[in-house]
Student: 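So that we are looking at the same thing, I have put the structure below in structure tokens.
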Protein chains: 2
Amino acid sequence: MQVSRVRFAFMQLSAQLLQQSQLKVTNARKVAIHFFEKEERPVDVEEILFHLRKHKLATDRATVYRMIDTFLDRGIITRLEFGEGKYRYELAGSDHHHLVCENCGRVEDISDCGIEAWEKKIKQKKHFLVKHHSLEFFGICKSCQ
Amino acid sequence: MQVSRVRFAFMQLSAQLLQQSQLKVTNARKVAIHFFEKEERPVDVEEILFHLRKHKLATDRATVYRMIDTFLDRGIITRLEFGEGKYRYELAGSDHHHLVCENCGRVEDISDCGIEAWEKKIKQKKHFLVKHHSLEFFGICKSCQ
DNA sequence: TATTATATGCGACTTATTCGCATTTGTCAA
DNA sequence: TTGACAAATGCGAATAAGTCGCATATAATA
């Protein structure tokens with residue numbers, strides 16, 4: 001009961017998000033957004049595909065890639081790189097960065113990066129117009145030490 | 001004259017670097033390191049290969065990849081990602097980050113990132129041991145604006 | 001419920017990267 | 001200088017990530 005109500009709420013949220021973005025509300029998209037919401041760490045294409053299939057959706061890889069393009073386009077998700085030779089994605093939102101454990105792969109968020117001061121300086125000194133930035137720390141997490 | 005003397009000096013440097021790293025001094029490696037030195041912006045595998053071929057070396061792609069692995073291993077070069085779906089490399093050294101122009105692709109260095117304070121904070125607050133970090137700014141460079 | 005733009009499935013393709021194996025080549029000691 | 005050996009290379013095939021064209025299916029809405 002509890003669970004299904006929660007899931008329903010999630011699905012509502014996904015649908016809303018899609019409608020706001022003027023996208024058709026399809027099952028694959030709803031389930032994918034739900035997946036982005038529930039995962040604590042950024043996910044890759046393979047993980048999205050696997051999750052969709054768990055939900056009995058026969059979604060194709062190409063569809064996932066196109067979905068991602070669309071979501072990036074509408075600013076629903078953000079693309080990240082952790083030096084794995086592939087991209088990871090997370091719901092767009094708060095300005096935050098990551099602590100990536102090189103041992104277990106766990107990804108922790110850190111926020112409030114205070115890098116806006118930097119961007120200002122860069123604009124003044126280098127006349128470079130900063131659109132966005134990426135900041136990741138790599139190392140060993142607490143429990144792996 | 002001038003040019004060939006300079007080039008010779010570079011080659012000496014490359015050879016030294018290789019010997020210090022206990023690597024065999026081969027033509028491909030010397031020319032590659034020279035290339036890393038002379039390029040202002042981080043290079044990708046294709047560019048390395050192209051440069052080697054310009055120097056009449058029939059180097060194979062696989063060799064370049066293995067060379068890169070070796071150089072990374074010895075800390076001669078550093079691997080970078082600029083959201084292109086592939087890696088770029090530069091000589092390791094100064095602690096610096098990049099301004100990546102999303103229009104022309106030019107990459108400018110910025111140094112003295114003062115992020116050590118951050119790392120300290122992260123260690124204290126999150127008990128995360130930072131080994132290295134990446135910081136890139138994406139936007140539009142002066143001449144593209 | 002019919003229309004239509006959009007999303008999807010499928011299959012082939014490109015690009016980045018890796019691997020095994022046979023051959024070549026620096027290095028170093030004799 | 002030369003011979004031995006580990007290390008480096010070339011080649012070809014394989015994998016993994018991501019893209020594309022086209023025919024079909026399906027949400028949105030009138």
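The structure displayed is predicted, hence computed values, not measured ones.
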Student: In terms of the angle between their ring planes, are B:Phe82 and B:Phe138 parallel, tilted or perpendicular, with boundaries placed at 30° and 60°?
Tutor: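 Judged by the thresholds at 30° and 60°, the geometry between B:Phe82 and B:Phe138 is perpendicular.
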Student: Specify the separation, in whole Å, of atom CD of A:Gln19 and atom C1' of D:dA28.
Tutor: 10 Å
Student: May I have the distance from B:Leu52 (atom CG) to D:dG10 (atom C1'), rounded to whole angstrom?
Tutor: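 B:Leu52 atom CG is separated from D:dG10 atom C1' by 14 Å.
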Student: Of all of residues 59-75 of chain A, which get a heavy atom below 4.0 angstrom from DNA chain C, listed by number?
Tutor: A:Thr59, A:Asp60, A:Ala62, A:Thr63, A:Arg66
Student: Would you mind reading off the distance between B:Lys30 atom NZ and C:dT25 atom P, rounded to a whole angstrom?
Tutor: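 Roughly 15 Å, once rounded to whole Å.
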Student: Just wondering, are more than 12 heavy atoms of other shown residues or ligands nearer than 6.0 Å to NZ in B:Lys86?
Tutor: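 Enclosed: over 12 neighbouring heavy atoms sit under 6.0 Å from NZ of B:Lys86.
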Student: Whole-Å distance between C:dT3 P and A:Lys24 NZ?
Tutor: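 Whole-Å distance recorded here is 16 Å.
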Student: Distance check needed: C:dA7 P versus A:Leu57 CG, whole Å only.
Tutor: 16 Å
Student: Considering heavy-atom distances to DNA chain C, does B:Asn27 or B:Gly85 have its closest nucleotide positioned more toward the 5' end?
Tutor: B:Gly85
Student: Rounded to the nearest Å, what distance is computed from the CG atom of residue B:Leu18 to the P atom of nucleotide C:dT27?
Tutor: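 Going from B:Leu18 (CG) to C:dT27 (P), I get 9 Å.
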Student: Taking A:Tyr87 for the side chain and B:Gly83 for the main chain, is one N or O donor matched with an acceptor at less than 3.5 Å?
Tutor: yes
Student: Check this for me: does the side-chain of A:Lys86 come within 3.5 Å of the base of D:dA16 through a donor and an acceptor?
Tutor: no
Student: Taking A:Leu17's backbone N and O only, do any of them form a donor-acceptor pair with A:Gln20's side chain (distance below 3.5 Å, no angle check)?
Tutor: no
Student: Would you tell me if any nitrogen or oxygen in the side chain of A:Thr26 comes within less than 4.0 Å of OP1 or OP2 on C:dT6?
Tutor: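 Checking A:Thr26 against C:dT6: no side-chain N or O falls below 4.0 Å of OP1 or OP2.
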Student: With under 30° as parallel and over 60° as perpendicular, where do the rings of A:Phe35 and A:His51 fit, or are they tilted in between?
Tutor: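 Parallel.
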Student: Does a salt bridge link B:Arg106 with B:Glu40, judged by any charged N lying under 4.0 Å from a carboxylate O?
Tutor: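 Not counted as a salt bridge, because no side-chain N and carboxylate O are separated by less than 4.0 Å.
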Student: For the pair made of OH in B:Tyr87 and C1' in C:dA16, what is the distance, rounded to whole Å?
Tutor: 10 Å
Student: Hey, are B:Arg61 and B:Glu46 close enough for a salt bridge, meaning a charged N less than 4.0 Å from a carboxylate O?
Tutor: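 Answer for the salt bridge query: yes.
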Student: Please state how far atom CG in B:Leu80 lies from atom C1' in C:dA16, giving the value in whole angstrom units.
Tutor: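 One finds 17 Å between C1' of C:dA16 and CG of B:Leu80, rounded.
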